[in-house]
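Heads up: the structure comes next, in structure tokens.
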Amino acid sequence: MSLVAPFETSFGIQTERDILLLKATTSAGEGWGECVAGEEPTYSSEYVDGAQHVLVHHLLPRLFESGSLVAEDVARILRPVHGHQMAKAAIEMAVLDAQLRSSGESFGKYLGAVMSEVDCGVSVGIHRTIPELLQTVGGYLDQGYRRIKLKIKPGWDVEPVRAVRERFGDVPLQVDANTAYSVSDAEHLAELDAFDLLLIEQPLPEEEVLAHAELARVVRTRICLDESIISAQAAADAIQLGACQVINIKPGRVGGYLEARRIHDVCASHGVPVWMGGMLETGLGRAGNVAMAALPNFTLPGDTSASDRYYHRDITEPFVLREGRLAVPAGPGLGVTVDLEFLDQITHSVETVRRERRAARAAG
Ligand code: SMG
Ligand code: MG
């Protein structure tokens with residue numbers, strides 16, 4: 001799917017998403033999962049073709065071998081396979097959707113949502129010039145977004161932040177470096193303290209958790225971790241080390257909505273606020289993310305933007321921004337309907353993986 005506008009981060013420019021969807025056909029009914037891995041392994045080590053491979057050859061066979069299961073079993077069954085959180089998350093999401101569609105419960109209700117709509121922010125990519133950036137930010141503010149996140153990298157940080165502050169006053173503002181700095185940049189990053197940012201997201205490489213704690217002693221602005229937080233254990237460790245004061249939760253990055261909820265709970269118990277990240281999801285992933293963003297410790301606006309921020313046409317009914325908020329779907333499961341005709345038009349390939357019947361296996 002083509003993006004409505006190119007999205008540049010410190011690791012490259014994206015103009016489209018090659019999207020891997022997973023449809024689970026279970027005894028309870030059907031459910032959908034969206035794999036958030038990108039085309040290239042640049043945000044993390046996962047990428048969409050690799051995710052498809054590991055799903056087909058390593059994850060789904062294990063799932064099928066385990067016999068009858070519920071969504072709450074998926075992570076444990078897949079644990080022997082290391083990593084591949086985005087692929088695992090897609091399976092768990094599809095199984096959970098099938099389960100909840102059949103029981104009539106919404107994702108929000110199941111996860112523990114306490115709000116019927118959520119405050120939305122928008123993530124603004126690196127632009128060629130500051131006037132172009134200001135035009136984009138102004139357009140999003142006119143649409144009602146409640147928080148702006150600027151992507152930064154060395155050479156595109158203090159000046160764009162200053163320009164946005166000067167033009168748009170005290171709009172809630174934060175930055176995301178996607179690991180582009182090193183701890184020796186601490187003094188430079190501290191220059192951002194002058195702009196009263198909500199947070200600085202993932203300034204250093206994901207494995208450099210201790211260096212984030214060191215950075216936090218030099219920079220006054222709160223440090224938020226994204227790429228580093230791959231599990232609830234990683235979240236607990238990072239908090240204890242003083243490496244972050246805020247956490248960005250992305251279900252895909254941590255193996256699914258159930259682990260994401262554990263991170264929410266760990267953070268809540270430590271008084272650490274969280275917010276919902278985004279991976280340019282379609283209406284499917286957006287539905288799950290918006291539901292999760294309605295949990296009580298999601299106290300900062302998320303990268304849960306409206307469908308038209310990403311795609312001219314979504315594969316579900318579009319999510320529309322109203323007064324800077326999106327409504328949490330209330331219907332069973334994800335609560336959105338896939339436009340199968342449109343999906344069919346934009347689908348490049350379909351691969352079906354079936355559970356082998358025991359008789360067939362016995363017959364060789
Ligand atoms: O979904 O609105 C969105 C994108 C939010 O900036 C965003 N995501 O590191 O937080 C992040 C990036 C990673 C996605 S790059 C494809
Ligand atoms: Mg990020």
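First listed ligand is number 1; within each ligand, the first listed atom is number 1. It should be emphasised that the depicted structure is a prediction, and the values quoted were computed from it without experimental measurement. Computed from heavy atoms alone, side chains included, the values below leave out hydrogens, waters and symmetry copies.
- Near Asp176, the atoms of ligand 1 lying under 4.0 angstrom from a non-hydrogen atom of the residue are 9 (O), 10 (O), 11 (C).
- Of the protein's heavy atoms, Gln14 OE1, 3.0 Å lies nearest to atom 16 (C) of ligand 1.
- Between Asp226 and Lys250 there is a salt bridge, since a side-chain N of the basic residue sits under 4.0 Å from a carboxylate O of the acidic one.
- In terms of protein heavy atoms, atom 1 (O) of ligand 1 is closest to Leu280 N, 2.8 Å.
- For ligand 1, the atoms lying closer than 4.0 Å to a non-hydrogen atom of Met279 are 1 (O), 13 (C), 14 (C).
- Annotation: Lys250 places an N or O atom under 3.5 Å from an N or O atom of ligand 1; distance criterion only.
- Using a 4.0 Å cut-off between heavy atoms, Val122 makes no contact with ligand 1 at all.
- Checking side-chain atoms of Glu65 against main-chain N and O of Leu63 turns up no donor-acceptor pair under 3.5 Å.
- Nearest protein heavy-atom contact of atom 9 (O) of ligand 1 is Asn178 ND2, 2.7 Å.
- Thr26 meets the side chain to side chain donor-acceptor pair (under 3.5 Å) test with no other residue; sequence neighbours excluded.
- Counting only N and O atoms by type, the side chains of Tyr257 and Asn289 include a donor and acceptor under 3.5 Å apart.
- Using a 4.0 Å cut-off to heavy atoms of Asp226, the atoms of ligand 1 that qualify are 9 (O), 10 (O), 11 (C).
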Exercise for review: Applying side-chain contact (heavy atoms from CB on, under 4.5 Å), run through Thr316 and Asp339 and close with a yes or a no.
Suggested key: CA-CA 5 Å; Thr316 63; Asp339 180 343; over 6 Å; no

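- Interface of Glu201 with ligand 1, defined as ligand atoms under 4.0 Å from a residue heavy atom, comprises 10 (O).
- Gly278 O, 3.0 Å is the protein heavy atom nearest to atom 8 (N) of ligand 1.
- For the ligand labelled ligand 1, residue Gln202 lies outside the 4.0 Å heavy-atom shell.
- At the shortest separation from atom 3 (C) of ligand 1 among protein heavy atoms lies Tyr310 OH, 3.3 Å.
- Taking CG of Asp73 as the reference point, atom OG of Ser68 lies at 8.0 Å (rounded to 0.5 Å).
- Considering only non-hydrogen protein atoms, atom 12 (C) of ligand 1 sits nearest to Lys151 NZ, 3.1 Å.
- In terms of protein heavy-atom proximity, atom 6 (O) of ligand 1 is closest to Ser123 OG, 2.7 Å.
- Not a single N or O atom of Phe11, backbone or side chain, sits closer than 3.5 Å to an N or O atom of ligand 1.
- Put simply, Glu227 stays out of reach of the Mg ion (ligand 2), with no N, O or S atom under 2.8 Å from it.
- The Mg ion (ligand 2) has no N, O or S atom of Asp303 closer than 2.8 Å.
- At least one heavy atom of Lys149 sits less than 4.0 Å from an atom of ligand 1.
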